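Structure first, then comments.
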Amino acid sequence: MSPTLRTISREQHLAYIRSLPSASHMQVPAWGDVKSEWRSESLGWFDGDDKLIGVGLVLYRQLPKVKRYLAYLPEGPVINWFAPNLEEWLRPMLAHLKQQGAFSVKMGPPVVIRRWDAKAIKAGIQNPEVKRLRDVEATRLEPRAFEVADRLRRMGWQQGEDGGAGFGDVQPRYVFQIPLRDRSLEEVHKDFNQLWRRNIKKAEKAGVVVERGGYEDLEEWQRLYEITAERDRFRPRPLSYFQLMWRALNAETASPVEEDRMRLYIARHEGEAVAAATMLVVGGHVWYSYGASANHKREVRPSNAMQWQMLRDAHAMGAHVYDMRGIGDVLDESDHLFGLIQFKVGTGGEAAEYLGEWDFPLNKLLHKALDIYMSRR
């Protein structure tokens, strides 16, 4: 029987997310509060017995001067992507969004298509003929993910262009994850490369202390983050964004049995904050979200110490994966994102490729106009 779809309350949405092993932090109701410049809506899919079997957080961004919207489901919706009748899940969603005034729909199926372990990535880096991660033979493939992609194409969905890395205004297609399920901390540490283990030890000997910060420490975070933005040449988000993120996400997990949705970690050396990072938690999935560091005292390796503490805390809370988020797929040392994959692969985890983001133009003219506008930004 085909699922039915309707708008649901935040409470229904959150209760469903809590019933799952994990879901993206961009698919919890509070993420709509974080993205305050968008209008948000919670959607629910129901079976024949009116039981909730899937949810989606939709963000609506209005076109200037026109009451038409881009509807965006980041890393969602949270449905059974391998259902044989996938078309019957997505068709009512498109009809509903069109009724809401959407001219185009963008979504990011949370479906992994390939995985590469650290050994395979290192071999790719050392091979001069290999230029991209996709040129390296995958350690694991998910055949059903290819079927999902085929179904989406047949329905008229178009795969978004993300330039390989998926940075910018879309979510990363390639991420780096450290599996924690059924692994001891000793096993995780053993998989670190020699440099990572040495740097953790160096930080310890130098007296680097990693501590949990609170809302009041976000100003200290912002100072380090803006230093990082200037050094790495990107536009930083304002302090108000992180303050809103903290209030919105942690208000959603006010229950004593749930971990804080957002955490802040600060690495100090001789009392001075020299590195900081934010962590996000949904069920058994933990993300290293944003990172920052000072320009000096890098030799005491505060970032390695901080990552190790965050990993240990994730393991202690029973997380099944520690997600270090986006990487580029270029394995060339001259690429500006190469240092990122090099840093993360040292943890001995694995790279994962998602299906990427997909677009469905409900109004082809307005969708094309948006494409032209985005390409000129």
Side-chain angles (χ1 to χ4, degrees), residues 20-25 110-126 133 136-142 145 172 174-212 258-261 263 265 267 275 277-289 291 300-327 329 331 339-354:
L20 304 174
S22 69
S24 170
H25 60 277
V111 176
V112 172
I113 195 163
R114 296 179 184 88
R115 291 187 186 273
W116 296 265
D117 63 20
K119 190 179 172 184
I121 300 167
K122 286 174 194 169
I125 291 170
Q126 288 159 9
L133 190 56
V136 178
E137 189 178 346
T139 313
R140 272 183 289 158
L141 287 173
E142 175 50 81
Y174 295 90
V175 302
F176 200 86
Q177 300 175 339
I178 302 172
L180 298 178
R181 197 195 301 273
D182 301 326
R183 298 177 74 205
S184 68
L185 266 179
E186 291 71 27
E187 287 171 316
V188 173
H189 187 265
K190 193 180 170 185
D191 277 353
F192 284 177
N193 69 12
Q194 201 175 358
L195 183 63
W196 259 85
R197 289 198 297 267
R198 192 163 61 236
N199 286 344
I200 290 168
K201 199 170 279 185
K202 190 181 281 188
E204 200 178 309
K205 279 186 178 174
V208 173
V209 176
V210 181
E211 58 188 33
R212 288 271 303 276
E258 268 188 292
E259 299 290 342
D260 291 339
R261 183 81 80 224
R263 293 182 173 197
Y265 285 80
T278 60
M279 175 196 271
L280 300 178
V281 182
V282 182
H285 202 127
V286 169
W287 292 264
Y288 156 51
S289 180
V300 299
R301 306 298 177 189
S303 294
N304 296 89
M306 187 170 60
Q307 288 293 338
W308 178 228
Q309 185 59 58
M310 290 166 75
L311 252 170
R312 283 188 288 179
D313 286 1
H315 189 274
M317 69 176 81
H320 55 74
V321 64
Y322 180 76
D323 196 321
M324 300 183 85
R325 291 295 282 166
I327 53 171
D329 83 322
L331 301 183
L340 200 59
I341 193 168
Q342 197 174 37
F343 175 75
K344 294 178 182 182
V345 81
T347 62
E350 58 186 22
E353 180 191 359
Y354 281 86

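The structure displayed is predicted, hence computed values, not measured ones.
A heavy-atom distance below 4.5 Å is not found between the side chains of Val321 and Pro179. At least one side-chain heavy atom of His25 sits under 4.5 Å from a side-chain heavy atom of Trp287. Between Val112 and Arg140, the closest side-chain pair of non-hydrogen atoms is not below 4.5 Å. Taking the side chain as every heavy atom from C-beta outward, Gln342 and Leu340 never approach each other to under 4.5 Å. Residues Ile178 and Leu311 meet the side-chain proximity criterion, which asks for heavy atoms closer than 4.5 Å.
Residues satisfying the salt bridge (Lys or Arg N to Asp or Glu O under 4.0 Å) criterion with Arg197, sequence neighbours excluded, are absent altogether. By the side chain to side chain donor-acceptor pair (under 3.5 Å) test, Tyr288 pairs with no residue at all, sequence neighbours left out.
Residues Arg212 and Asp260 are paired through a salt bridge, judged by an N-O separation under 4.0 Å between the basic side chain and the carboxylate.
The two atoms that bring Ala120 and Val136 nearest to each other are O-CG1, 3.6 Å, heavy atoms only. Shortest non-hydrogen contact noted between Val175 and Tyr354 is CG2-CE1, 3.6 Å. Minimum heavy-atom separation, Ala319 to Val286: CB-CG2, 3.7 Å. Here the shortest heavy-atom pairing between Pro172 and Gly326 reads CB-CA, 3.7 Å. What you find for Ala145 and Val111 is that their closest heavy atoms are CB-CG1, 3.6 Å. Counting all heavy atoms, side chain and backbone alike, Gly284 lies closest to Ser22 at N-CB, 4.0 Å.
The backbone N or O of Asp117 sits less than 3.5 Å from a side-chain atom of Thr139, completing a donor-acceptor pair. Judged by distance alone, with hydrogens and angles left aside, the side-chain atoms of His285 form no donor-acceptor pair with the main-chain N or O of Pro21 at under 3.5 Å. A distance-only check finds no donor-acceptor pair linking the side chain of Arg301 to the backbone of Ile200 [under 3.5 Å]. Not a single donor-acceptor pair under 3.5 Å links the side chain of Gln309 to the backbone N or O of Met306. Lys344 places no side-chain N or O within 3.5 Å of a backbone atom of Ile327 that could act as its donor or acceptor partner.
Ring geometry, Trp196 versus Phe343: the interplanar angle falls from 30° to 60°, so the pair is classed tilted. Note: Trp308 and Phe192 have perpendicular aromatic rings, judged against thresholds of 30 and 60 degrees for the angle between ring planes.
Atoms CZ and CG, on Arg312 and Leu180 in that order, are 13.5 Å from each other to the nearest 0.5 Å. Taken from CZ in Arg183 to NZ in Lys190, the straight-line distance is 11.0 Å, to the nearest 0.5 Å. Between the CZ atom of Phe176 and the OG1 atom of Thr347 there is a distance of 4.0 Å, given to the nearest 0.5 Å. Atom CD in Glu259 sits 9.0 Å away from atom CG in Asp313 (nearest 0.5 Å). Taken to the nearest 0.5 Å, the CD1 atom of Ile121 stands 8.0 Å off from the CG atom of Leu331. Atom CG of residue Asn304 and atom CG of residue Leu195 lie 7.0 Å apart, to the nearest 0.5 angstrom.
Pairs passing the salt bridge (charged side-chain N to carboxylate O under 4.0 Å, His left out) check and including a residue from residues 199-211, sequence neighbours excluded, read Glu211-Arg268.
Side-chain contact check for Tyr265 and Gln307: no donor-acceptor pair (N or O, by modelled atom type) lies under 3.5 Å. At a cut-off of 3.5 Å, with distance as the only test, no side-chain donor of Gln177 or Arg325 sits close to an acceptor on the other residue.
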> Passes side chain to side chain contact (heavy atoms under 4.5 Å, CB included), Glu142 versus Ile113? Steps please.
Replying inline: CA-CA 5 Å; Glu142 175 50 81; Ile113 195 163; 5.7 Å; no
> Step by step, would you call Arg261 with Val281 a side chain to side chain contact (heavy atoms under 4.5 Å, CB included)?
Replying inline: CA-CA 5 Å; Arg261 183 81 80 224; Val281 182; 5.6 Å; no
